[in-house]
**Student:** 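My questions will all concern the structure given below.
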Amino acid sequence: MTNPAAKAPAWRKALAPRAAGVVYAFIALLAVLTITSSAQGRPSYLSSVNLSNILEQSALIGILAIFMTVVLISGNFDLSVASTAALAGTVALKLIDGNGTFVAVLAAIACGALVGLVNALLVQKVGVNAFIVTLGTLTAVRGVVQAILDGKSITAHNTALLDFSTGRWELPVAVALVIGVALIALAVVLAVRSGAVREKLVAAWPLWLAGLLVLAIAGFRPNLLDQAVPVWIMIGLALVASLVLRFTVIGRNLYAVGGNAEAARLSGINVDRYKMGAFVLNGVLAAVVGVLYAGRFNSVDPTVLTGGELTVIAAAVLGGTSLFGGSGVVVKSVIGTLILFTLSNGFNVLNIGSNYQNVVQGTVLVAAASLYTATSQRDRALFRKRVARKAPAEPAPVLTKTGA
Amino acid sequence: MTNPAAKAPAWRKALAPRAAGVVYAFIALLAVLTITSSAQGRPSYLSSVNLSNILEQSALIGILAIFMTVVLISGNFDLSVASTAALAGTVALKLIDGNGTFVAVLAAIACGALVGLVNALLVQKVGVNAFIVTLGTLTAVRGVVQAILDGKSITAHNTALLDFSTGRWELPVAVALVIGVALIALAVVLAVRSGAVREKLVAAWPLWLAGLLVLAIAGFRPNLLDQAVPVWIMIGLALVASLVLRFTVIGRNLYAVGGNAEAARLSGINVDRYKMGAFVLNGVLAAVVGVLYAGRFNSVDPTVLTGGELTVIAAAVLGGTSLFGGSGVVVKSVIGTLILFTLSNGFNVLNIGSNYQNVVQGTVLVAAASLYTATSQRDRALFRKRVARKAPAEPAPVLTKTGA
Amino acid sequence: NTESSGDSAEPPAQQKQLTIGLANQQESVTFPAAISEGAKKKAAELGVKLVTLDSQGDQAKQASQVQDLIAQKVDGIILVPLSPGPAQALVDQADAAGIAVGTAHGYVGADRKPEDPYSKLKFIVTEDEVGSGATAGEMAVKAVPNGGKVAVITGAAGFQENTTRVSDFTKALETKGGFTVVATQPGNWTKQDGQAACQNILAANQDVALFYAISDDMAVGCGAAIKAANSTAKVIGIGGAQVGIDAIKDGTMYGTVCYKPFDEGGQAVQQMYDALTGKLTGAPKTNFYETPGVTKDNVDSCVPQW
Amino acid sequence: MSSDPGGIPPILDVRDVHKVYRTGTHALRGVSMRVRPGTVHGLIGANGAGKSTLIKILSGAQTVSDGEIAWRGSVTEWTSPSQALADGLAAVYQHMPLVPSLSVLDNVFLGHTGSLRWDRARRTRELAELCDRVGYPLDGDDLVGDLSIGARQMVAILQALARGPALVLLDEPTAALSPSEREILFASVRRLRDTGTTFIYVSHFLDEVLDLTDHLTVLRDGLVVLDAPTASTDEAALITAIVGSRLAAFEAEAPVAARSLGEVVLAVEDLASGTAFGPLSFDVRAGEVVGVAGLLGSGRTELLQALYGADRAATGSVTVNGRGRPRGPQQAVRRGMALVPEDRARQGFLADWEIWRNISLPDLPRLSWRRMFPHAAREREQARQAVDDLGIKTQTIDSKVGDLSGGNAQKVVFAKWLYGNASIFLLDEPTAGVDVGAKSDILHLIRRLAARGAAVLIVTSEFEELIGSCDRILVLRRGALVADLASAETDVHEVTAIASGFGSHGDHPLGRKAAVS
Ligand SMILES: Nc1ncnc2c1ncn2[C@@H]1O[C@H](COP(=O)(O)OP(=O)(O)OP(=O)(O)O)[C@@H](O)[C@H]1O
Ligand SMILES: Nc1ncnc2c1ncn2[C@@H]1O[C@H](COP(=O)(O)OP(=O)(O)OP(=O)(O)O)[C@@H](O)[C@H]1O
Ligand SMILES: O[C@@H]1[C@@H](O)[C@H](O)OC[C@H]1O
Ligand SMILES: [Mg+2]
Ligand SMILES: [Mg+2]
């Protein structure tokens, strides 16, 4: 019944607009900005400095987008992240001078975990709609922040957080080269071991492409190896989350729980545990972001990060994450974040009037999403046609069945 | 096998917390506020003036909640309403002095319809996720407002809109009495005609209860018959929308389309038309709200109604509307709106510190939703136990055949 | 949010205790929060009862709060308007109910200037936003005497300050000559977004000599960006907020314009008190309180109030 | 109740189990049953008798209201499927709960514990071995959401077998399978039974049941009405036990008498759609019942969807009651077509809606005042009629269709089209999951429709049923129309052979219209 010969190879599927649309949209955006910028006689849009800026500006929302994606994959929804981050930042700065960095950060993260747990319990155990629950915690937690700060902004004297979150870290070129070579080697080894070298080598494109990218950066843009700490954290978390989602049973189960909770339950998966775990994790990471955010200026005020949740969800959805659960790829959500911040970076660089920025931003958002939705649909139709032309499968073994 | 005795009659279902939870939550909230307020020696919370205030404050968001509910029932999602309203208000005020009220209002409504149509086309025809599309139009349309107003607020000289939206209209007591009596009479007639009088009379509780309410108002609080025009518009639209959803083919099909689009499509329903219609309708009504809003101050500024979409969606979801389509009751969404505004009204009346308002508001939101989710679940569990204990199996003919 | 103050203070020669309502913008924002603090303190001094309500940035809510104050029959209302156009309708309502209204940190009437108060007001206490822009411009001309590239960081799109605080700033630069404004970009009133805007502008224009950020928060963010980019650009802010004053002291910022929301709130209460007790009569006047420019040289003259 | 030959202790002992659903339905009313190890234990009964309920209780998906269950001699109370799975019981549910957004591979090994690492290579190997053993090829990379319903059924079966369970609960596994997959399944069941695996097997196909099982339990209205070794019963006795009092109404009917046929109402010319089928051509006349035979994936479902206008990619010409090819289902309905889709949960009904609202959905304007204001009384009357006509087992017409048993839900989907103006019926597996009594009712109904002048196109994998009820049979193979047979002149063997590609017509696909006999 299935017809393997007629199937497009995996790599082609992975490169199809349906799967990689957000990447193409990002590349297109960068191309447009680069060309416009150079047409206006400005310095190269793709300079190390500018690229680093975009990364740095995206880092915190990017981290939130990673774990929002996890929550969305699990089939839930979390509007409370920005408030949670604000609370964690506030708690950290309130405590750091009196109790030291360790206690402050721990307390902040505990707050995040607590908000996540409250969300988790209300949604999974009481059964209230996640939208209402997290809208409630969004409001209530923001209220707690306002009550703590009482209309004032606060600044800490202890600069440990400041130093950490504004610090930079450079990946030595040698290490980068080693990583690049290792990635390519891994792709080759995997391909050779499997036999079908050509096919496998193509299939392993993310691996060797990443390797080449790292080598290219190390070779031609070594400055890009020097990044702010939050950027490295975002990259590290994206990597870990991707690996866990892709290569562990936990990841599989999370997708299953979000894709069809009943099917997952009947297969013996503890649905509540996964869904609640995603909420708590999201709370914890929101707290981490809050601490990094507070650390950036060692200061918070009551409106910190207000409205950030919509940006985060937009990034995840732009990255192709389904709002109905069961699908999503964290790296694509990070690229969704990068699109959003590249856009505002582009406005700044090209000096587009602030009154028009929202018009452009909204239009680009919809255009990007339309572009890859439309092409992926055409793509599917094309794909079907192509398969049709292929030779039919061999007849199945016939088992004549006679009626009783 | 079937056990009719164990089945709850329809009226009991309709009164169960699961179905009417938001009504109970609203009544509970009013009771708490009334008691607290009188314990603090303040004027009666339920005074005509205060109740009118709540209604007036809720009216515009209430109207938006009605049609957001329609969109949600159809299985979609619309974040763009607040921006659309802002645009319509801006257009109306920009045009009214030069072109007269009629043209101004028409142009405003056309803008609303246009935004709705763009949303509809992108979601239903291009196939982009409704969240991303309407987040895009939210942003872009707000940008257009900002571009038109360029950071300034504007005021019209023509006061037609102002007079209309701040006007009041009084339902004559006699008419109210007639309506009240008519409603009760209708309930009785329906019951008598159907035969099972007692049963039917109980089932028709919304009818005669509404009748009694109207009579009570006419008799004891005739001041409440005098309301601001937007309040009457909200009541009128809620009535019309309820009747259409409940008693017409259009309404039935809308629920079908949202509940299972594929089944609806194969049953011969034009799914796209319904889903798109809901978007356009929502755009038009958002425009009406925008015009009323602009009329209220005869003035708009670029930040008008920012963030209002979340309040609207919260009201609808609080009223029990599903975010996944196929279910929702507009009157309950209106009550959801009333809960939200009663809450902030209560803060003002009870003088709760502004720092704590968000804490209380968030908590009440979640508590209200939890309350009726939890009770409706317990209700089910209790019910199950009770049934299990009764209903002994009546012996059925058993054909036991023993093996050879 | 109501604070009753003045129970302890000695009631002045007045039969009935006066009640004043303060309809504030958004008390989770530090500036209006400080207005409220100042108003409370002054009310306590004067033995006036102050009812403060917070619209949380919502125009409709501000309208219903004014309604609530009217229903409570307060003697006077101090409005901190979210926006001049819509606010006029509120003033009309209060006036119709015979309640005195004045504004703080803003004025009413979409097509008016703050200098020309709406006739139904008793007074306006506010900053001279246009004048502050001019003050910032004068500082800029001193900071970069030889001219050069300038970038402006505005607040979030849609705010009136984006024009009022900028128009006379640019005029001052033009008068002096030798300046070009290479970018005007929003920093959304926050440090973080101010930092991002400045980073991005610096990437495109390495030789910007001066950044003018129309609030101290954004200016501080901008300072961080300048430092990271090893640029020598100078930053001027507006506000005289704690962060701004600290940044001037440590050299991150060149200067700012000193706003005093606490005093402003107190002054508004005083004006209202005077209006209610008959000391303030006649056509309404606009009171621009002093908003001096502050640099390292005179930084101690500006005591941060928010 | 049951005999214990040989005195082998049962591996599973169900004792006086009751189940009351939250709706108040008392689905099981004291069921006892003993299952001996290494046997295939048949569980049969009419739609709504409680079979699936019992399966769900045994798999831990539902809990008992009363009574107890002993597994390997000790009383157990599974409160979640994971516990039953851990004890070695695996189920294939009637409604096939799979994760559509995941691949076949992910689904087959869903919920497997052991290593934290998701070892794709190993699982791929295991899937290949499993497919080999079962004799059914599946591509692990396919998304389950893209599979036909039959293939999804096979995935569900492999999912259960992949755990190497001691007891497999099979709830109507063959309802969506064609004869060849059925044989594949039976071969596996027999092989596994011989190596000691125990099966509980639910089916409405009595021939299958008699052929495959060792022992039979018949449920009716939540009670055991027959419990006996298979060898000691026969089809007639089973039918009596299953349908009880309705037996009188159930009579095997003589093959369709020759009728005079009307005009051609459905003319198909060179219709094709992508990979699925075509181009093919045929006619259907008023009053004619035409069967479409073919193996799983032969394109039958796609053909019906294309005729109905539901497949935008289709090309070719279709004439419906003298008018052109419908551009969408809405037009199809207006032109008098009706479709009973094969995937009822996804395409057929709204699970949260009552029976009466589901039945009136396609026909609402007709039941409405001024075609706009639905007449609830008329809708309900029609639903009551349907409940009677089709023997839908339910407490009231207000029950949600999602709470009905599988077969009864299928009847609701069928009932949607019965009372309107439809004159061309496209029926995709209309009797899937329907009990013997109701199946005969439905086939009678179809004949009555034809007698009234309707044209009917039936897709079913029950070739015998086709021959028994159709005038003509079209055989599809890999999307090509390979034969057009008068049912009076063919038999199951021939149809099966042609469908599989071994028939005399096999190598000569009929590209053009076949003559109507
Ligand atoms: N989730 C549920 N909630 C309420 N009632 C249910 C539920 N599932 C089944 N029932 C009812 O329980 C009874 C038994 O249903 P069950 O699904 O066990 O029947 P079945 O024997 O499997 O029928 P079929 O052959 O049609 O699959 C039916 O009356 C059905 O309506
Ligand atoms: N959604 C889909 N996406 C891709 N291919 C599909 C899809 N649905 C069906 N197909 C393919 O189209 C062909 C025809 O399938 P179809 O369901 O029409 O066959 P069928 O004869 O009705 O079989 P079944 O008995 O499984 O219903 C098969 O090769 C199937 O794999
Ligand atoms: O200084 C600014 C103030 O004037 C404005 O009203 O709100 C934002 C503040 O930062
Ligand atoms: Mg069943
Ligand atoms: Mg099929």
Side-chain angles (χ1 to χ4, degrees), chain B residues 42-43 47 49-50 52-54 56-61 86 89 93 139 142-143 145-157 159 162 165-166 293-308 311 341 344-345 347-358 361, chain C residues 1-4 21 23-24 26-28 32-33 36 51-72 81-93 106 108-112 118 154-167 186:
Chain B
R42 297 172 192 278
S47 68
V49 175
N50 200 44
S52 294
N53 280 348
I54 296 176
E56 191 176 337
Q57 289 156 23
S58 317
L60 297 186
I61 297 292
L93 287 194
T139 315
R142 176 65 65 183
V145 173
Q146 287 164 351
I148 296 178
L149 293 178
D150 188 26
K152 296 181 190 60
S153 60
I154 54 167
T155 302
H157 297 290
T159 59
L162 179 75
S165 22
T166 58
Y293 194 98
R296 195 151 144 198
F297 307 103
N298 219 22
S299 174
V300 286
D301 73 84
T303 59
V304 154
L305 278 166
T306 306
T311 314
F341 282 88
S344 34
N345 171 280
F347 293 141
N348 294 350
V349 171
L350 301 179
N351 285 312
I352 293 174
S354 73
N355 282 336
Y356 298 95
Q357 290 191 5
N358 280 330
Q361 172 141 8
Chain C
N1 168 28
T2 296
E3 281 298 327
S4 26
N24 208 350
Q26 186 169 16
E27 300 205 344
S28 58
S36 169
V51 181
T52 77
L53 298 176
D54 177 10
S55 78
Q56 297 177 314
D58 179 345
Q59 184 64 61
K61 208 177 228 175
Q62 183 159 70
S64 48
Q65 288 174 338
V66 169
Q67 270 177 3
D68 291 345
L69 289 172
I70 295 171
Q72 289 180 35
L82 282 163
S83 168
Q88 187 173 329
L90 306 184
V91 174
D92 289 346
Q93 282 172 26
V108 302
D111 24 27
R112 291 182 174 275
Y118 184 51
T154 61
F159 279 75
Q160 200 161 19
E161 288 87 340
N162 295 346
T163 25
T164 52
R165 289 182 190 174
V166 174
S167 58

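Below, chains carry the letters A, B, ... as their sequence lines are ordered, and counting in each starts from 1.
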**Student:** Test side chain to side chain contact (heavy atoms under 4.5 Å, CB included) on Thr155(B) and Arg112(C); report intermediate values, then the result.
**Tutor:** CA-CA 10 Å; Thr155(B) 302; Arg112(C) 291 182 174 275; over 6 Å; no
**Student:** Contact part of Ser344(B) toward chain C, heavy-atom cut-off under 4.5 Å: side chain, backbone, both or neither?
**Tutor:** side chain
**Student:** Using a 4.5 angstrom heavy-atom cutoff, name the option from Ala87(C), Ala71(C), Ala89(C) with the most pairs to chain B.
**Tutor:** Ala89(C)
**Student:** Atom CD in Gln56(C), atom CG in Asn358(B): separation rounded to 0.5 Å?
**Tutor:**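 The CD atom of Gln56(C) sits 5.0 Å away from the CG atom of Asn358(B).
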**Student:** So what's closer than 4.5 Å to chain C heavy atoms on Ile154(B): side chain, backbone, both or neither?
**Tutor:**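 Just its backbone gets close to chain C.
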**Student:** Heavy atoms only, distances under 4.5 angstrom: which of Gly151(B), Pro302(B), Gly143(B) has the most pairs with chain C? Name it, please.
**Tutor:**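 Option with the greatest count: Gly151(B).
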**Student:** Checking side chain to side chain contact (heavy atoms under 4.5 Å, CB included) for the pair Gln59(C)/Asp301(B): CA distance, chi angles, key distance, verdict?
**Tutor:** CA-CA 10 Å; Gln59(C) 184 64 61; Asp301(B) 73 84; 4.1 Å; yes
**Student:** With a 4.5 angstrom heavy-atom cut-off, is it the side chain or the backbone of Asn298(B) that approaches chain C, or both, or neither?
**Tutor:** neither
**Student:** Can you tell which part of Gln67(C) gets under 4.5 Å to a heavy atom of chain B, answering side chain, backbone, both or neither?
**Tutor:** side chain
**Student:** Can you tell me how far apart CZ (Phe297(B)) and OG (Ser83(C)) are? Round to the nearest 0.5 Å.
**Tutor:**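 One gets 9.5 Å once the value is rounded to the nearest 0.5 Å.
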**Student:** For Arg296(B), which atoms come within 4.5 Å of any heavy atom of chain C: side chain, backbone, both, or neither?
**Tutor:** both
**Student:** Select one option (side chain, backbone, both, neither) describing which atoms of Leu90(C) are under 4.5 Å from chain B's heavy atoms.
**Tutor:** side chain
**Student:** Distance from Asp92(C) atom CG to Leu162(B) atom CG, nearest 0.5 Å?
**Tutor:** 8.0 Å
**Student:** Would you mind checking which part of Tyr293(B) comes under 4.5 Å of any heavy atom in chain C, side chain (CB onward), backbone (N, CA, C, O), both or neither?
**Tutor:**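 Looking at Tyr293(B), just its side chain touches chain C.
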**Student:** When rounded to the nearest 0.5 angstrom, what distance separates OG1 in Thr303(B) from CG in Asp58(C)?
**Tutor:** 9.5 Å
**Student:** So Asn162(C) and Gln146(B), side chain to side chain contact (heavy atoms under 4.5 Å, CB included) or not? Walk me through it.
**Tutor:** CA-CA 12 Å; Asn162(C) 295 346; Gln146(B) 287 164 351; over 6 Å; no
**Student:** I'd like to know whether Gln357(B) forms a side chain to side chain contact (heavy atoms under 4.5 Å, CB included) with Asp54(C), so could you lay out the CA-CA distance, the side-chain angles of the two residues, the decisive distance to 0.1 Å, and finally the verdict.
**Tutor:** CA-CA 10 Å; Gln357(B) 290 191 5; Asp54(C) 177 10; 6.0 Å; no
